[in-house]
Amino acid sequence: MSERILVVDDEYLIATAVEKALSKVGYVLAKAQNMKELEKVLRDGVPFDLLITDVHMKEDSLSDIIEKVRQSSPTIKILRMSGSADGGGPDNFIEKPFGIEDLRKKVREILDGSS
C-alpha cells in the first residue's frame with residue numbers, strides 16, 4: 001500500500017501543488033483547506049502516515065489541526081510549512097516557496113525516520 005499524506009493549507013494553490021508533486025511519485029494524497037474539510041477527509045478513519053500543514057492558517061490553529069488528525073492517526077508524522085522561518089525546527093519544517101524536489105526529499109526523509 002502507498003503511503004498516505006494529508007495536506008492542510010488554506011491556500012488552494014499551495015495545497016494543490018503539494019498534492020500534484022507528491023501524487024506523481026506514488027503517494028496517496030488528501031487535502032483540506034479548513035477544519036470542516038479536514039473533518040470530512042478524516043471520516044473514513046483510515047490513518048495517514050504524514051501530515052503536511054501550514055503553520056499559519058486564517059481560521060484554524062495548528063494545534064487544533066494536529067489534535068484532530070491525531071484522533072484517527074495517532075502516530076502520524078508532521079511536516080510544517082510556512083512563508084516565514086518560524087515553523088519549529090529544521091527537521092520538520094519547510095519554508096515556502098519550496099522546490100518540488102526539496103519537498104519530495106523532505107517528505108521521504110520524514111517518512112523514513114531519518115529526519
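Side-chain atoms are counted along with the backbone in the values below, which use heavy atoms only and exclude waters and symmetry mates. One-based numbering along the sequence shown.
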With Val18 as partner, the option from Leu13, Leu103, Val107 fulfilling side-chain contact (heavy atoms from CB on, under 4.5 Å) is Leu103
Side chain to side chain contact (heavy atoms under 4.5 Å, CB included) evaluation trace for Leu50 with Ile52: CA-CA 6 Å; Leu50 177 66; Ile52 302 175; 3.9 Å; yes
To the nearest 0.5 Å, tell me how far Leu6 CG sits from Leu42 CG. 6.0 Å
Return the minimal non-hydrogen interatomic distance between Leu51 and Val8, and the atom names on each side. CD1-CG2, 3.7 Å
Find the distance between CD (Gln33) and CG (Leu38) and round it off to the nearest 0.5 Å. 12.0 Å
Rounded distance (nearest 0.5 Å) linking atom OG1 of Thr53 with atom CD1 of Ile78: 8.5 Å
Take atom CD in Gln71; do more than 12 heavy atoms of anything else shown fall under 6.0 Å from it? yes
Using the rule side-chain contact (heavy atoms from CB on, under 4.5 Å), only one of Arg80, Lys106, Met81, Lys77 pairs with Asn92; which is it? Arg80
Any idea which heavy atoms bring Ser73 and Pro47 closest together, and the distance? OG-CA, 3.2 Å
When rounded to the nearest 0.5 angstrom, what distance separates CZ in Arg70 from OG in Ser63? 11.0 Å
Scan side-chain atoms only and decide if Arg104 and Tyr27 contain a donor-acceptor pair under the 3.5 Å cut-off. no
Side chains of Lys96 and Ser82: is there a donor and an acceptor less than 3.5 Å apart? no
Working to the nearest 0.5 Å, report the span between CG of Asp54 and CD of Glu11. 6.0 Å
On a heavy-atom basis, the closest approach of Met57 and Asp60 is CB-O, 3.1 Å
Verdict with reasoning, Glu59 to Asp10, per side chain to side chain contact (heavy atoms under 4.5 Å, CB included): CA-CA 9 Å; Glu59 297 176 13; Asp10 53 8; over 6 Å; no
Same hydrophobic cluster for Ile76 and Val28, using side-chain heavy-atom links shorter than 4.5 Å among ILVMFWY? no
Any link between Val25 and Ile14 through a network of hydrophobic side chains (Ile, Leu, Val, Met, Phe, Trp, Tyr) touching at under 4.5 Å? yes
What is the distance from atom CG of Leu22 to atom CD of Glu3, rounded to the nearest 0.5 Å? 11.0 Å
Can you find a pair of side-chain heavy atoms, one from Met35 and one from Glu39, that are under 4.5 Å apart? yes
Worked check of side chain to side chain contact (heavy atoms under 4.5 Å, CB included) between Glu101 and Lys105: CA-CA 6 Å; Glu101 287 307 315; Lys105 181 179 177 210; over 6 Å; no
Search all heavy atoms of Ile5 against all heavy atoms of Phe48 and return the closest pair with its distance. C-CD2, 3.6 Å
